[in-house]
Structure formats: structure tokens, C-alpha cells
2 protein chains.
Amino acid sequence: MSTSPNTFTGEYSYTVDPKGRVNIPAKFRQALTPENNNTFAITKGMDRCIWVYPFVEWNKVLEKLRNEPSSQVNRAFTREYSRFASIASYDKQGRILLTSELITFAGLDRQVTIIGMINKIEIWNPNILKNFDQQIESEHTDAFDELAEKIIL
Amino acid sequence: MSTSPNTFTGEYSYTVDPKGRVNIPAKFRQALTPENNNTFAITKGMDRCIWVYPFVEWNKVLEKLRNEPSSQVNRAFTREYSRFASIASYDKQGRILLTSELITFAGLDRQVTIIGMINKIEIWNPNILKNFDQQIESEHTDAFDELAEKIIL
DNA sequence: GATTATTACCCACTATTACCCACAATTCTA
DNA sequence: TAGAATTGTGGGTAATAGTGGGTAATAATC
């Protein structure tokens, strides 16, 4: 365990029970709630998945939103961003409760794939994820190669 | 439940009863009245909705209004913003009483959508909200994309 | 001052949520 | 490898939240 702080990597398979509860991988828990205050943020992702942020990361986003002037467009954006977000905490078994809106949005079925995305966690329907990946990868092979050259040591 | 102070997120569905009462989501109550004095500010929003502020945030607005030079336009703005503002408190069940002016202004029907907007709360007619959002988002797709890039982590 | 209208307070019912316990499966440890 | 601890999953129950309506207190009207 214990890589650099708040760093999520790896892929895990879990189930959403009838009450909408999903387990957070035990290996993610310490990084998700480092101060042991037991709270973090859940929201819609930009792709068709759910994002889970440690509180520190979430507050960075909020800070940026607050600093935008209150124009009509900015209000609309904040609204869109905020309405599916919630502050959550896990129960004694380490699970979180997903709202039905989020479940619908991410197209979640019983089985879900949870992925560590460095500074946040993603929750996917495995099938949607598979299709999504195949599509992006085939459409953007060049971009993939370029990024690899740039980044990989 | 100790998030960052006065932070509202998420979307909730409630009903306005014949007496004009609406529930404030339980999750908002502590952030709305952190000092447990049970009072807060309620006013017309800039969009077609009702805004509910914790006192701390409301006072920031007042402060800014005060610091504007007293031009005719500014006075008119202050007047418009101030005339429908009132100090409210919730009853033992956690509801607030809306004036008929506010209900008319926001076009409220039985069903309302309550949205956490980071530092304040918005009360909408769900249909008006839907149309409003669609319109803004389609007219300002670029601005939305820019903001997303700038803000989302 | 009596009557009516309006507001605020109180109580009650139902649905939802949070909390608790249980147990199987897996991993860790000695 | 056997026992112990941790992890993943399920379900029951107590507590809370959301909604409605009645009644007393207050204000308004005549």
C-alpha cells in the first residue's frame, strides 16, 4: 500500500446491491479519506461514469467555481455541475450509497468496474467501458502514441 | 455533517403544499443555519428561481451592494434585489413558508426542484428549469466546454 | 368588541434512510 | 497449512425525513 498520497491505481470488480450500495476497494479507502473524516465527493463524470473525489481535490474544484464571476452562463454551468454532486461517506462496511440519478446516468447494472484514475476514482458499467475504450482507441491511435512518447519513462 | 462550511450540492424534489410551505432538504439545514439561530435570507434569484442564502453569504452580497457607488442604475438594481428579500426561518419540520410573490415570480407549481449551488440554494419549477438549461447549454456550448477544461480536475 | 382571516405551532402518518448485525469469501500471519 | 483477521455482500430494524392537516394565537376588518 501507500504510494504517494491520494493516488488511485488499479481496476476492481464489485456489485451494486438493490439498495444502491457499492463497495469502495479497501485499497482506496485510506487515500480517499486521508484525514479520517470519512467524507468525500461523488459526482457525474465527463464520460459516462461516476467520479469519486477525495475532499481535497473536490475543494479545489469548488474554489475555482467560486472565483468565476456570476454570469448567467457561469451560473448554469455551476448548476449542472453541482446538481449531481453530493458529499458522501461510507458505512461501517466501507460502502457508499449511489443516488438513482447517478446509477441511471452511468447505466449501472449489478456488476461494476471501479478504476483508480490517479487523483480520483471512476465507477463504470463494464460493458459501456469496453465499448467506450475500443471506440476512443481506434479513433485516436495517433494521439495515444504521441502521449505515450511524451509521458512514459 | 462537516463538509466545508456552507456548501450546498445535489438536487432534490419536493412539494409546495397549499399553505405555501416547502421542505428544505435535511442535508442543507446545518449549512443554512450554522449558528443554529434558525434564520436565513430568501429572495428572488437572477434566473427564474428563488434563492436562499445562509446569513454569512447574504451579508457578503449586502457588503458588495454597499460598496458600489450610488448611481441611478445601481440604486435601481439594489432596489430590485432588495425589495423581495426577507429573513425567514423554518418550522419544526424543517419547512419554510414562501410568499405568494415569490411563488408567482418563480412560477412554482406543486412540484419543485431544489438545487445546491455551492454557496446558496435554488428553488425551481422543474419544467422552467429544464427549458432554461437546455436553452443556455445549446446557446453557449463553447463557454461550457471552456469552463469544464478550466475547472474540472 | 365581535367576527373573520391569516399565520404560526403542534401532532400524526408514511416512506425513506441510516445503522446494525450476520455470514461467506478472501487474504494475512504465524 | 491452520487459524485469525479483513473484505465483500445481504438483509432487518430503528431512526429520521417528508407530507398533510388541525387548532390555537395573532392580526385585520367591520
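A note on names: the letters A, B, ... follow the listed sequences, proteins ahead of strands, and every chain is numbered from 1. Values below: every heavy atom of this structure, side chains too, minus hydrogens, waters and symmetry copies.
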Asn131(B) vs Arg48(B), side-chain hydrogen bond (donor to acceptor under 3.5 Å, both in side chains): CA-CA, chis, key distance, verdict: CA-CA 11 Å; Asn131(B) 295 335; Arg48(B) 208 176 158 200; over 6 Å; no
When you look at Tyr90(B) and Thr33(B), which way does the side-chain hydrogen bond (donor to acceptor under 3.5 Å, both in side chains) test go after all the steps? CA-CA 10 Å; Tyr90(B) 24 64; Thr33(B) 56; 2.7 Å; yes
Test log, rule side chain to side chain contact (heavy atoms under 4.5 Å, CB included), inputs Glu122(B) and Arg79(A): CA-CA 9 Å; Glu122(B) 291 187 345; Arg79(A) 194 174 293 124; 2.7 Å; yes
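Pairing each heavy atom of Ser86(A) with each of Thr9(B), the nearest pair is CA-OG1, 3.7 Å.
Remark: the backbone N or O of Gln111(B) is not paired with any side-chain donor or acceptor of Asp109(B) at under 3.5 angstrom. Between the side chain of Arg21(A) and the backbone N or O of Val16(A) there is no donor-acceptor pair closer than 3.5 Å. Judged by distance alone, the side chain of Tyr53(A) and the main-chain N or O of Leu153(B) form a donor-acceptor pair under 3.5 Å.
In terms of position along DNA chain C, the nucleotide closest to Lys92(B) lies nearer the 5' end than the nucleotide closest to the other residue of the pair Lys92(A) and Lys92(B).
Ring centers of Phe55(A) and Phe40(A): at least 6.0 Å apart, outside the cut-off.
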Going 5' to 3' along nucleotides 3-19 of chain D, which nucleotides have protein heavy atoms under 4.0 Å from the base (write B), which only from the sugar-phosphate (write S), and which from neither (write -)? ----SBBBBB----SBB
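With a cutoff of under 4.0 Å to any heavy atom of chain A, the contacted region of DNA chain C is bounded 5' to 3' by dA18(C) to dA22(C).
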